[in-house]
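Okay, structure first, notes after.
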Amino acid sequence: MSKSPIIQISHISKIYKIYSVETVALLDVSFKIDQGEFVAIMGPSGSGKSTLMHILGALDKPTSGEYILDGKNVENLTDDELAEIRNQKIGFIFQAYNLLPRTTALKNVTLPMIYAGIPKEERRERAKKYLSLVGLSDRMLHTTNQLSGGQQQRVAIARALSMNPSLLLADEPTGNIASIQAEEIMNIFRKLNDEGHTIVMITHEADIAQHAKRIIHIRDGKIVDDISNNKQKKIKS
Amino acid sequence: MDYLELLLESIGTLTLNKMRTGLAVLGIVIGIGSVIALVSLGQATQQAIQLQIQSLGSNLLTVRPGAISQGGIRGAAGGRTTLTLDDAGAISTSNQISTVKYVSPETEQRTQITTGSNNTNTQIIGVIPIYATVHNVTIASGNFISQSDIDGMTKVAVLGPQVVTDLFGENVNSIGESIRVSGQTLTVIGVTTSKGGSGFMNQDDIVYIPLSTAQKQLFGTNYLSSIAVEAKSAEVMVDAQNEVGYLLLSRHNLKDPTQADFSIMNQQDILNTVSSTTGTFTALLSGIAAISLLVGGIGIMNIMLVTVTERTREIGLRKALGAKKKVIITQFLTESIILTFTGGIIGIIVGIIASYIISNLTGSIFVVSPHSILLAFIVSAGIGILFGWYPARRASNLQPIEALRYE
Ligand SMILES: Nc1ncnc2c1ncn2[C@@H]1O[C@H](COP(=O)(O)OP(=O)(O)OP(=O)(O)O)[C@@H](O)[C@H]1O
Ligand SMILES: [Mg+2]
């Protein structure tokens, strides 16, 4: 199986400057993720995991360093080109879900498909399919504020999956979900990974991380550990 | 993403946020509506003043004794003893005069009038029947002064409605009642319809009596205080002024116009005097309209800007999910256009209805100026669209994560 890196970052730093106080969120981080990998990123709160994920998702720019996404240097891409890449290739699950308020679960899931120009009927079909997949077939017409935190998180997962992205970036995708349902989500991820999708997932639960083939630990904005996980957890099929 | 899709997306967002949509529309409705109502109120008032002046008579020249006071005092100035009934007769019969339609000799004085219990100080004018035609006086009840009143020097009077109110009370039938003026008793034979006006222009505070009675029995004078001349048309006003002027000069044995012992004013002169007043009034109203436009505009701007935080997050999210800048800006622009046009059309309707109600309440004319509608609409819509578009543009230039974190 020939593997080419889908993600390649070198010497990435992210420094937030508020007035004259500098906060270093990421410091000189470099790594490579090949197509088809399933990577878990772990680390204490505030260690820079989300910051890293936003950069990987082309949602934010690093202060310094180089990011090659699928062979292209992100720095040289325009806003619109990046928007297209995010739409077509990347599925992003936000730690804070980021659903449209006062909008139904169904509508939220169709949103990326609208921008992809997918016809209305197909959008609805696909949205229904992915909402059922995450166990929300009976909540499709609930609006965001009528859903529990865990349900909102599952809508966010369905939305990220709806465009069948080759790269799935998940920031604490099971943070608010009970363990049985979390296992179901992990089954979905594992199946996608088996089909060749690349997955990068932030988690603070060692148990969840065991689903990944590779685990990266970061602390204070630096990689402290990058190991392959040989004892990938068995899944019940 | 085609445009229909975008339009539906915009409408969807607008209907989802009913409160926000409602407030924005309300801001625009108030902005446009108040300007239309105010401007129409101003124009109604202005037209009312203009009509008032025209009601004094159209194509009218007024010949008065005494020169216009320019270049020092003249012997005859202010003497009020240069115009006679013969002068008036000459104007209407002379073959030098071709542009004059009617001639109305008049003599007037302010005098105390009494009835048994009441009295009032008012303008008494001695007139001939043609006066009513020349000055657009119409009769509400009874009759105006007739030729037989002139010939018979009868002791009759026609009262303006204000005089009736002052002497007899409101809506009292005064026909046949007696009034006393300068020791003479006159019988009321008619009441004129109200013309409105106030102060020196009050056309309702006048008593009309036969010219002959006035000259011989009341004032004891053979002279006239003015001769009103109606020209055949507006175009020949200047010719009429010249013809009458030269005729009177020769009748008074004067060689050139600088010696004139009379003056001729045309209606335009009066209009000019008054227009400086209405000019101030117009400026005042324009000021008020401009302020209400500004207030409305700020209202629209506020509601558009207040929602920016939420909208910025929304834009960040849409961008994160793959919306291109142009798509985002077009969507927000479409939303703003729908908002301002809905608000604009409602505002125009509300403004017109308000103008109509105001004109009914104040009894003035109902006018709506297309200019004020256009101006109000363009300014409000412009502000609405600008402040819908500008924050959207700014937010769409942020990194998606910055926009998502905006507060
Ligand atoms: N917009 C910002 N401005 C300033 N500092 C920021 C900003 N965003 C993040 N930080 C800082 O950067 C550091 C890393 O934040 P990040 O959100 O990446 O942490 P995390 O590892 O995802 O934490 P958690 O597990 O709690 O989600 C934190 O110290 C945080 O305070
Ligand atoms: Mg985080």
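In the text below, chain A, chain B and the rest are named by the order of the sequence lines, each starting its count at 1.
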Is it the case that over 12 heavy atoms from other parts of the model lie below 6.0 angstrom from the CZ atom of A/Phe31? yes
In terms of heavy-atom pairs under 4.5 Å with chain B, which of A/Met163, A/Arg159, A/Lys120, A/Glu84 leads? A/Arg159
Inspect the surroundings of CG in A/Asn164 and state if more than 12 heavy atoms from other residues, nucleotides or ligands are less than 6.0 Å away. yes
With a sphere of 6.0 Å drawn around CZ of B/Arg20, does it hold more than 12 non-hydrogen atoms of other residues, nucleotides or ligands? yes
Rounded to the nearest 0.5 Å, the CZ atom of A/Arg123 sits from the CD atom of B/Glu5 at a distance of 4.0 Å
Just wondering, are more than 12 heavy atoms of other shown residues or ligands nearer than 6.0 Å to CD in B/Glu170? no
So B/Lys319 and A/Asp79, do their side chains get closer than 4.5 Å, heavy atoms only? yes
Name the region of B/Ser396, side chain, backbone, both or neither, that has any atom closer than 4.5 Å to a heavy atom of chain A. backbone
Cationic N near anionic O, under 4.0 Å, A/Asp80 to B/Lys326: no
Are there more than 12 heavy atoms of other residues, nucleotides or ligands under 6.0 Å from atom OH of A/Tyr16? yes
What part of B/Leu404 lies closer than 4.5 angstrom to a heavy atom of chain A: side chain, backbone, both or neither? side chain
Euclidean distance, A/Thr78 OG1 relative to B/Lys324 NZ, rounded to 0.5 Å: 8.5 Å
Heavy-atom neighbours of A/Glu81 CD exceed 12 at 6.0 Å: yes
Identify the two heavy atoms, one from B/Ala323 and one from A/Ala83, that lie closest to each other, and give their separation to 0.1 Å. O-CB, 3.6 Å
Here the gap from B/Leu317 atom CG to A/Tyr97 atom OH, rounded to the nearest 0.5 Å, amounts to 15.0 Å
Flag the pair B/Glu9 and A/Lys107 as a salt bridge only when some basic side-chain nitrogen lies within less than 4.0 angstrom of an acidic carboxylate oxygen. yes
Worked verdict on A/Thr103 versus B/Glu314 for side-chain contact (heavy atoms from CB on, under 4.5 Å): CA-CA 12 Å; A/Thr103 308; B/Glu314 183 190 329; over 6 Å; no
Please flag which part of B/Arg313 lies under 4.5 Å from any non-hydrogen atom of chain A: side chain, backbone, both or neither. neither
Heavy-atom pair with the smallest gap, counting every atom of B/Leu16 and A/Arg102: CD2-O, 2.9 Å
Drop me the distance from B/Leu321's CG to A/Met113's CE, to the nearest 0.5 angstrom. 11.0 Å
So, the part of A/Leu99 with a heavy atom under 4.5 Å from chain B: the answer is backbone
Inspect the surroundings of CZ in A/Arg124 and state if more than 12 heavy atoms from other residues, nucleotides or ligands are less than 6.0 Å away. no
At their closest point, which heavy atom of B/Pro400 faces which heavy atom of A/Leu59, and how far apart are they? CD-O, 3.3 Å
Does atom NZ of A/Lys61 have more than 12 heavy-atom neighbours, drawn from other residues, nucleotides or ligands, at distances under 6.0 Å? yes
